[in-house]
Amino acid sequence: MEFFFSPQAVAVIGATPNRAKGGYAIVRNLIRGFKGKIYPINPKYPEIDGIPCYPSIAAVPGPIDMAIVFVPARQVPAAVEQCAAKGIKGVIIESGGFAETGPEGQSLQQALIDTAKKTGIRLWGPNCMGLVDAVNQRAFSFMNPRALEAGLVPGTVSLVVQSGMLSAGFLMDIMSHGIMGISKVCSIGNKIDVNECDLLKFFLKDPDTKVVGFYLESIPEGRRFIELCRRSDKPIVVLKGGKSRMGAEAAKSHTASLAGNSRVVTDTLAQAGVTEAKDFKQMMDLCRTLALVPPPRKKQTGRIAILTFSGGAGIVSADFLEELGLSVAELSEKTKKELEKLYPEWMPVANPVDLWPAMERHGGTEVDVATTALKVALDDPNVDGVFLHAFAGNVRIRFDMERAAEFARAAGKPVFIWLIGVRDDIFGFQTDALAQGIPVFQEVYRAVECMAAAFHQRRPEERIKKIPRGEKVVLAKGL
């Protein structure tokens, strides 16, 4: 798979100088970040944006290890055959119009499959958006070049998405909200050859990837996929589409996928240690959380200290913790006495810890109540993690993000933040938190969901490397 991710020379079949076309966007995106050789292919033009344009793949003088195809579907089989004849190892087919459209498209798709079997060339797609690599600032995709001008935010989460526009939407959302970074985003479409198993195998060895997230409408190599998940030392999050009858019908017309029984899918993924998501935003939040929060230590069961500026928010948080298998920590007497130093004499200390009376008492002083209380809670042996409630834009509520991150690292315990406040201040707060490795959420329930996923993830030594004999397990041929 290396030639897809780190090619030395890329050809673009269907390149065009027309700025309104995807063939132009692919070339522009390559020019922006790709350091290797670029070969536009189109017999109509001598050059595109100053780069020589060739009439055919055969006319290119040098070797090519990867091609991107973006021409009408009926022209794709011949283009792939020409790539195989040139010795190209892999082709990303970003054209649509194949099995997802009906019998004629199915015939064209079968021709591609036959070529791959005959020649050994690897085919990615068709009907996809390709590949975007934020770490290396490369985009092998027809995404709007203007959308990438602000720059990709590098991170450690890699996504595999069986949808084109959805993968582009994820990238835009990530870049504009400043809540997470990305390693790679792979849109695989109809996945006639390269599929989720090939990419998962690659990402398990990829040093730039710590967590892998999937949106899939089918898992045709179910056994292989589950075995890879079981052997993984990296967290895996899966959002499976097409689990309902109507969803399955929609999947057929989207990427020509056959969906599997929802109960089988859920049970099998759970046995493999996969975290299953139910929604797109939730999938992203689970991925970024697991990238930031390491597996819990043996004695960390999920006892949480809640530090809040609102008694009501503290109560709701406690309800959610219990619902999702965590617990409200019983604070030690030492911790209570340390926190009492911050409070007016009339205020008792309990978990959830309502910090507002302490903030009122120390208003106008140099005392940073929230950060001080965080340090005290993290030092408590009865506490495995802290859930801090914050408000961005209120000058009376202070919080030192850098010191908080230092305290969390020193204690070996995660800090999760629920944030509300003024729009522009929220963006700055989230950006600072991302830089310090602290997950921030704007919904209490989502924060606790991700907290539960972090504490319930398997430690590396607990991961099952293979299915033990006699274990009762469902492993379908295709999910």
Side-chain angles (χ1 to χ4, degrees), residues 132-135 150-161 166-186 199-200 203-204 206-215 232-239 273-296 302 304 320 324 326 385-388 390 392 401 404-405 408-409 413-420 426-458:
V132 175
D133 182 340
V135 173
L152 297 163
V153 181
T156 57
V157 174
S158 287
L159 300 174
V160 179
V161 184
L166 184 61
S167 61
F170 281 154
L171 277 173
M172 290 300 297
D173 192 80
I174 290 163
M175 290 188 292
S176 60
H177 287 83
I179 60 170
M180 69 180 289
I182 280 291
S183 178
K184 299 168 183 70
V185 177
C186 305
L199 292 169
L200 178 54
F203 286 135
L204 292 182
D206 178 25
D208 296 327
T209 298
K210 289 176 63 176
V211 174
V212 189
F214 292 90
Y215 165 67
S232 172
D233 288 332
K234 300 178 181 180
I236 297 168
V237 179
V238 172
L239 171 58
V274 173
T275 300
E276 188 175 6
K278 297 179 180 179
D279 194 8
F280 297 117
K281 282 281 191 177
Q282 184 201 35
M283 182 187 84
M284 302 290 284
D285 286 337
L286 288 168
C287 285
R288 68 185 177 94
T289 298
L290 296 176
L292 293 173
V293 181
I304 307 299
F320 291 158
L324 294 171
L326 303 175
V386 175
F387 187 22
L388 175 72
M401 190 76 69
R409 285 191 291 268
K413 301 174 183 179
V415 173
F416 298 81
I417 297 178
W418 170 58
L419 178 67
I420 59 174
I426 282 177
F427 181 83
F429 190 105
Q430 289 178 160
T431 303
D432 291 343
L434 177 61
Q436 296 299 330
I438 297 178
V440 175
F441 308 88
Q442 289 187 260
E443 296 177 358
V444 174
Y445 193 81
R446 179 56 50 77
V448 179
E449 277 186 319
C450 292
M451 204 181 305
F455 278 100
H456 294 157
Q457 65 178 310
R458 295 181 301 179

For the residue pair [X] and [Y], establish whether any side-chain heavy-atom pair is separated by less than 4.5 Å.
| X | Y | value |
| --- | --- | --- |
| F455 | P295 | no |
| M451 | I304 | yes |
| E276 | L239 | no |
| F214 | V274 | no |
| Q442 | Q430 | yes |
| V444 | F387 | yes |
| T156 | V211 | no |
| V237 | M284 | no |

Worksheet item: For D285, what residues pass the side-chain hydrogen bond (donor to acceptor under 3.5 Å, both in side chains) criterion, not counting sequence neighbours?
Response: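 With neighbours one apart ignored, the set is R288, R446.
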Practice prompt. Using ring pair (Phe, Tyr, Trp, His ring centres under 6.0 Å) as the criterion, list what pairs up with Y445, not counting sequence neighbours.
Written response: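 Only F320 meet the ring pair (Phe, Tyr, Trp, His ring centres under 6.0 Å) criterion with Y445.
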Item to complete: Please check if the side chain of K184 supplies one atom and the backbone of L159 the other of a donor-acceptor pair under 3.5 Å.
Response: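 It does not hold such a pair.
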Worksheet item: Do any N or O atoms from the side chain of Q282 and from the backbone of K278 form a donor-acceptor pair under 3.5 angstrom?
Response: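 A pair under 3.5 Å: yes.
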Worksheet item: Roughly how far, to the nearest 0.5 Å, is the CD atom of E449 from the CG atom of L286?
Response: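 Interatomic distance, L286 CG to E449 CD, rounded to 0.5 Å: 7.0 Å.
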Discussion item. Which label fits F280 and Y215: parallel for a plane angle under 30°, tilted from 30 to 60°, or perpendicular past 60°?
Written reply: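 Perpendicular.
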